[in-house]
Amino acid sequence: MRLADKTAIVTGAGSGIGRASAIRFAAEGAKVGVLDRDADAAQATANGIAEAGGTAHVLTVDVTQAAAVEAAIAEVVDIFAGLDVLFNVVGVSGRHWGDGPVADCTEDAWDRVLDVNLKSMFLCCKYGVRAMLERGGGSVINLSSVLGLVGGDDDFATHAYAASKSSIIGLTRSIASYYAPQGIRANVLCPSLIATAMSQRAQTNDHIRHRLETLQPLTADFGQPDDVAHAAVYLASDEARFVTGTVLPIDGGWTVR
């Protein structure tokens, strides 16, 4: 029960890393605001939390819209009497909009990816940090990617995505530096290939699967959503009270080379 008496918000909580983290937070004692634009998916996550004896509140939110984000965070704060933890998971791949190497990336893909992956982080941090200042502290956790740390080759050359993920790191470390005197911690998680719906292209690509032995040599396999969720629990908990501005790869060895 490392998160007992804490209130947490998880964005993108309807699936993948967001769902695993929301469930894990609740299992550790947190009251969880389950945010997703897919109402049915968010409700499924909340149902799983409730069945396990946890507490969750569902909000259907497009986190690229300022008014919606402000209202959602205010509702969670009102219902659960504050906010202690914010885990921003929402993110997209822009391949279907034309993301790719910079010479080929479409303007539409650039705008859409930066909107979803980066603007959403800004908005959620903006209103989440305000709530934490009223609380006297808190923990912000933002999901980036190994591609925010290292360049991708032909199999992973999505430059709008990489730009958004590296920008998340800069934003988070700036928050960590500025708000440390107010007791707010901010850290980044950088997963590599995790077995979620977002990585279906890679999961069904025999060439990429063959490369896992080199890309992620620790297991030569995809990571699991819980691998990220466990790290998020640590950063959300008081065990990480002296940790801020950290960029933690969860990558099976991808970035160590």
Side-chain angles (χ1 to χ4, degrees), residues 2-3 5-13 17-18 21 25 30 32-33 35 61 63-78 80-91 113-150 160-191 228 231-250 255:
R2 288 180 289 170
L3 303 182
D5 301 321
K6 293 187 183 296
T7 295
I9 286 175
V10 181
T11 74
I17 292 169
S21 299
F25 282 8
V32 183
L35 274 60
V61 184
V63 289
T64 68
Q65 302 301 310
V69 172
E70 182 179 18
I73 291 177
E75 185 169 329
V76 172
V77 168
D78 183 58
F80 293 141
L83 178 65
D84 303 289
V85 179
L86 173 64
F87 187 17
N88 290 311
V89 179
V90 167
V113 170
L114 271 290
D115 196 42
V116 176
N117 290 4
L118 185 58
K119 183 181 178 183
S120 71
M121 295 277 178
F122 156 66
L123 291 174
C124 290
C125 288
K126 177 182 178 72
Y127 295 108
V129 165
R130 286 183 180 181
M132 290 177 184
L133 289 171
E134 294 180 4
R135 187 77 149 178
S139 173
V140 175
I141 308 162
N142 290 330
L143 194 71
S144 179
S145 165
V146 292
L147 294 179
L149 295 169
V150 298
Y161 180 84
S164 71
K165 292 300 184 177
S166 60
S167 296
I168 289 166
I169 294 171
L171 172 64
T172 307
R173 287 174 60 81
S174 296
I175 292 169
S177 176
Y178 187 84
Y179 290 102
Q182 285 77 47
I184 294 174
R185 300 183 291 108
N187 294 285
V188 187
L189 297 178
C190 292
V228 184
V233 167
Y234 165 68
L235 291 174
S237 75
D238 291 341
E239 294 171 2
R241 58 174 291 275
F242 203 56
V243 178
T244 195
T246 293
V247 181
L248 176 61
I250 306 172
T255 59

Taking side chain to side chain contact (heavy atoms under 4.5 Å, CB included) as the definition, give me every residue that meets it alongside [X], ordered by chain and number, with sequence neighbours left out.
{"X": "Arg241", "value": "none"}
{"X": "Leu248", "value": "Leu189, Ala231, Thr246, Ile250"}
{"X": "Ala163", "value": "Trp110"}
{"X": "Val77", "value": "Ile73, Leu83, Ala131"}

Taking all non-hydrogen atoms of both residues into account, name the closest pair between [X] and [Y] and its distance.
{"X": "Val69", "Y": "Leu123", "answer": "CG1-O, 3.7 Å"}
{"X": "Leu35", "Y": "Ala72", "answer": "CD2-CB, 4.2 Å"}
{"X": "Ala236", "Y": "Ile141", "answer": "N-CD1, 3.8 Å"}
{"X": "Ala8", "Y": "Ala30", "answer": "CB-CB, 4.4 Å"}
{"X": "Cys125", "Y": "Val140", "answer": "SG-CG1, 3.9 Å"}
{"X": "Leu118", "Y": "Ser167", "answer": "CD2-CB, 3.6 Å"}

Quick one: [atom1] on [X] to [atom2] on [Y], what's the gap to the nearest 0.5 Å?
{"X": "Leu143", "Y": "Met121", "atom1": "CG", "atom2": "CE", "answer": "6.0 Å"}
{"X": "Phe87", "Y": "Thr11", "atom1": "CZ", "atom2": "OG1", "answer": "8.0 Å"}
{"X": "Ile9", "Y": "Asn88", "atom1": "CD1", "atom2": "CG", "answer": "9.0 Å"}
{"X": "Leu149", "Y": "Cys190", "atom1": "CG", "atom2": "SG", "answer": "4.0 Å"}
{"X": "Ser237", "Y": "Leu235", "atom1": "OG", "atom2": "CG", "answer": "7.5 Å"}
{"X": "Phe122", "Y": "Asn142", "atom1": "CZ", "atom2": "CG", "answer": "13.0 Å"}

Looking only at atom types and distance, does a side-chain atom of [X] sit under 3.5 Å from a main-chain N or O of [Y], one as donor and one as acceptor?
{"X": "Asp84", "Y": "Thr7", "value": "yes"}
{"X": "Arg185", "Y": "Ala240", "value": "yes"}
{"X": "Asn187", "Y": "Gly245", "value": "yes"}

Taking side chain as C-beta onward, heavy atoms only, is [X] less than 4.5 Å from [Y]?
{"X": "Val247", "Y": "Ser144", "result": "no"}
{"X": "Thr244", "Y": "Tyr179", "result": "no"}
{"X": "Val233", "Y": "Phe25", "result": "yes"}
{"X": "Val129", "Y": "Gln182", "result": "no"}
{"X": "Val116", "Y": "Val90", "result": "yes"}

**Residue list, side-chain hydrogen bond (donor to acceptor under 3.5 Å, both in side chains) with Arg130, at least two apart or on another chain** = none
**Complete:** Quick note, side chain to side chain donor-acceptor pair (under 3.5 Å) partners involving residues 114-128, not counting sequence neighbours, are Asn117-Ser164
**Request:** Could you tell me whether Arg173 atom CZ has more than 12 heavy atoms of other residues or ligands within 6.0 Å of it?
**Result:** no
**Asked** Could you go step by step and tell me if Asp78 and Glu75 meet the side chain to side chain contact (heavy atoms under 4.5 Å, CB included) rule?
**Response** CA-CA 5 Å; Asp78 183 58; Glu75 185 169 329; 5.7 Å; no
